[in-house]
Amino acid sequence: MRLIQFCHRGGEGGVRVGVEQAGGQGVIDLKAFDPSMPSTMREFLEMGEKGMDCAKRALSSGQHVVAQTDIRLLSPVTGPEKVVCVGMNYKDHCLEQNAPIPEEPIIFSKFPSTITGPYDDIIVPAESQEVDWEVELAFVIGRKGKHIKEEEALSYVAGFTVANDVSARDWQMKRNGKQWLLGKTFDTFCPLGPALVTTSALKDVHNLGVRCLVNGAAVQDSNTNQMIFRTEKLIAWVSQFVTLCPGDVFLTGTPPGVGVFRNPPVYLKIKSG
C-alpha cells in the first residue's frame, strides 16, 4: 500500500490519512471510510495492525475516493517524536570525499520542525550561503521497541519513503564547532514523501535506485545496495540508546553527487520571484 497525509485544497476537513489507488486514480479518505480512524499518520501508526487492516479494507472497497487534483499532499508523517539521521552511509559517497568507511553508524538528528511536504518550497535562510541537497531513502517506525534484534527489525518498520536531508554546509562544516545539528535543522530542511510505501509492497529495499534532480538535471544517481549499514542494523543500533516509537523517521544516508564536493562547489539558490 501507499499511505499518504493530505488536506483538501479547499481547506475543509483538516489533515487526513489516505490510501492511494493503483495508477494514480485517486485517494481513499480513511476517516470518511471509517470515522473511528484518526486524522494523522502518527496516530494511525499507533493503532498498529488495526489501522493497517482498515486501510486494506478501504482500498478494497473503492469507496470515498478523492481525486488527486482535489488534494494537497503533505509529508507522510508530521510531528514525529524523533528524526534520526545517518551520516556517511554510502560507500560511493565516502569515496567521493576520500573518507574512510565507518565502522559503526554515525548518528545525528534533525528537529521535527524541519519536515515539510514533498512539493513544498525549501526556504533558503539568509543565515547560510551554502545550502546543499541530499536525497535519501527514509523509513518510518510502526511500533514501539527498545533493544531490537536485527533479525526482528523489519517488523518494526511501517514503510519507506523519500527524504531530502537539506544541509547548510557553512554551518555544518565551518560554524558552531563543526557540530552538525544547526546546519541540518533549519525550517523546511527535510522534505518528505510523497507516500509511505508499506514494507510488504517492496521486494528488496536494499536494491532501489536513489536519484536527485536539481533544475531537471540528475545530480545524484546511485542505489541503496551501496548502503554500508542497512535498515535492520540501523534499527538495532539506535534502539540501544533510545526507545523507538510509531512515527519516528529515519534518514538512511545519501549517495555521491552532493554540491559541496563538486569542483567548484554548487549550492541551491533562492528561486527568482
Side-chain angles (χ1 to χ4, degrees), residues 2 4 20 24 73 75-76 83-102 105-108 110 114-122 124 128 130-140 157 159-169 172-173 180 183-184 188-199 201-234 249-271:
R2 290 174 57 88
I4 65 167
E20 286 188 347
L73 274 177
S75 164
V83 181
V84 180
C85 305
V86 188
M88 308 292 290
N89 198 31
Y90 274 69
K91 296 174 185 175
D92 46 9
H93 183 47
C94 292
L95 292 173
E96 80 168 332
Q97 53 189 297
N98 297 313
I101 303 296
I106 298 172
I107 304 298
F108 63 98
K110 297 168 87 81
T114 58
I115 291 178
T116 189
Y119 304 116
D120 293 341
D121 290 339
I122 297 168
V124 177
S128 175
E130 299 180 358
V131 177
D132 203 351
W133 56 83
E134 289 191 11
V135 64
E136 309 206 5
L137 174 72
F139 64 85
V140 179
V157 178
F160 293 82
T161 189
V162 182
N164 189 344
D165 177 20
V166 183
S167 305
R169 301 300 190 188
Q172 178 191 1
M173 297 178 169
W180 289 8
K184 296 284 191 173
T188 74
F189 269 25
C190 189
L192 204 62
L196 182 66
V197 182
T198 55
T199 305
L202 292 169
K203 292 182 179 179
D204 184 1
V205 73
H206 299 114
N207 190 25
L208 298 173
V210 180
R211 287 175 290 277
C212 177
L213 279 67
V214 176
N215 296 330
V219 290
Q220 291 180 279
D221 190 354
S222 186
N223 192 288
T224 56
N225 62 21
Q226 290 290 305
M227 285 172 59
I228 299 163
F229 303 107
R230 297 188 170 194
T231 302
E232 300 91 333
K233 177 67 176 180
L234 296 175
V249 178
F250 275 67
L251 276 60
T252 62
T254 199
V258 295
V260 68
F261 296 125
R262 292 173 177 263
N263 188 15
V266 178
Y267 298 111
L268 297 174
K269 303 298 181 185
I270 296 174
K271 182 180 179 182

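Not measured: the values here are computed from a predicted model.
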Exercise: identify the closest heavy-atom pair between Ile270 and Val124: CG1-CB, 3.7 Å

Gln220 (side chain) donor-acceptor with Val135 (main chain) under 3.5 angstrom: yes

Check: Gly259 main-chain N/O paired with Asp132 side-chain donor or acceptor under 3.5 Å: yes

Pairing residues for Phe108 by the ring-ring contact (aromatic ring centres under 6.0 Å, His included) criterion, not counting sequence neighbours: Trp180

side-chain contact (heavy atoms from CB on, under 4.5 Å) between Val86 and Ile107, intermediate numbers included: CA-CA 5 Å; Val86 188; Ile107 304 298; 4.0 Å; yes

Separation of Leu137 CG from Leu251 CG (nearest 0.5 Å): 9.0 Å

Approximate separation, where rounding is to 0.5 Å, of Glu136 CD and Thr161 OG1: 12.0 Å

Any residue meeting ring-ring contact (aromatic ring centres under 6.0 Å, His included) with Phe189, in chain and number order, not counting sequence neighbours: Phe186

Gln172 side chain reached by Val260 side chain, heavy atoms, under 4.5 Å: no

Side-chain touch Glu134/Val166, heavy atoms, less than 4.5 angstrom: no

Exercise: identify the closest heavy-atom pair between Gly117 and Pro191: O-CB, 4.0 Å

Criterion side-chain contact (heavy atoms from CB on, under 4.5 Å) on Thr116 and Ile122, from CA distance to verdict: CA-CA 8 Å; Thr116 189; Ile122 297 168; 5.5 Å; no

Closest non-hydrogen atom pair, Pro194 against Ile4: O-CG2, 3.9 Å

Distance, nearest 0.5 Å, that separates CG of Asn164 from CG of Leu268: 8.0 Å

Residue pair Asp92 / Ser222, side-chain donor-acceptor N/O under 3.5 Å: yes

Inter-residue atom distance Asp120.CG - Ile115.CD1, 0.5 Å rounding: 12.0 Å

Value rounded to 0.5 Å, distance of NZ in Lys184 from CZ in Arg169: 5.0 Å

N/O donor-acceptor pair under 3.5 Å between Ser167 side chain and Asp165 backbone: yes

Heavy-atom pair of closest approach, residues Pro102 and Ile106: CG-CD1, 3.9 Å

Heavy-atom check, side chain of Val258 versus side chain of Glu96, under 4.5 Å: yes

Step-by-step side-chain contact (heavy atoms from CB on, under 4.5 Å) determination, Val266 to Trp133: CA-CA 10 Å; Val266 178; Trp133 56 83; 4.0 Å; yes

Donor-acceptor list for residues 204-214 side chains, cut-off 3.5 Å, not counting sequence neighbours:
from   : atom 1 : to     : atom 2 : distance (Å)
Asp204 : OD1    : His206 : N      : 3.0
His206 : NE2    : Thr231 : N      : 3.1
His206 : NE2    : Thr231 : OG1    : 3.1
Asn207 : OD1    : Asn223 : ND2    : 3.4

Student check: side-chain heavy atoms of Asn225 and Tyr90 closer than 4.5 Å: no

Distance, nearest 0.5 Å, that separates CE of Met173 from CD of Glu130: 9.0 Å

Any side-chain heavy-atom pair of Phe229 and Leu234 under 4.5 Å: yes

Contact summary for Ala163 and Ala138, nearest pair of heavy atoms: CB-CB, 4.0 Å

Test log, rule side-chain contact (heavy atoms from CB on, under 4.5 Å), inputs Met227 and Lys91: CA-CA 6 Å; Met227 285 172 59; Lys91 296 174 185 175; over 6 Å; no

Sidechain-backbone polar pair: Arg2 side chain, Leu196 backbone, donor-acceptor under 3.5 Å: no

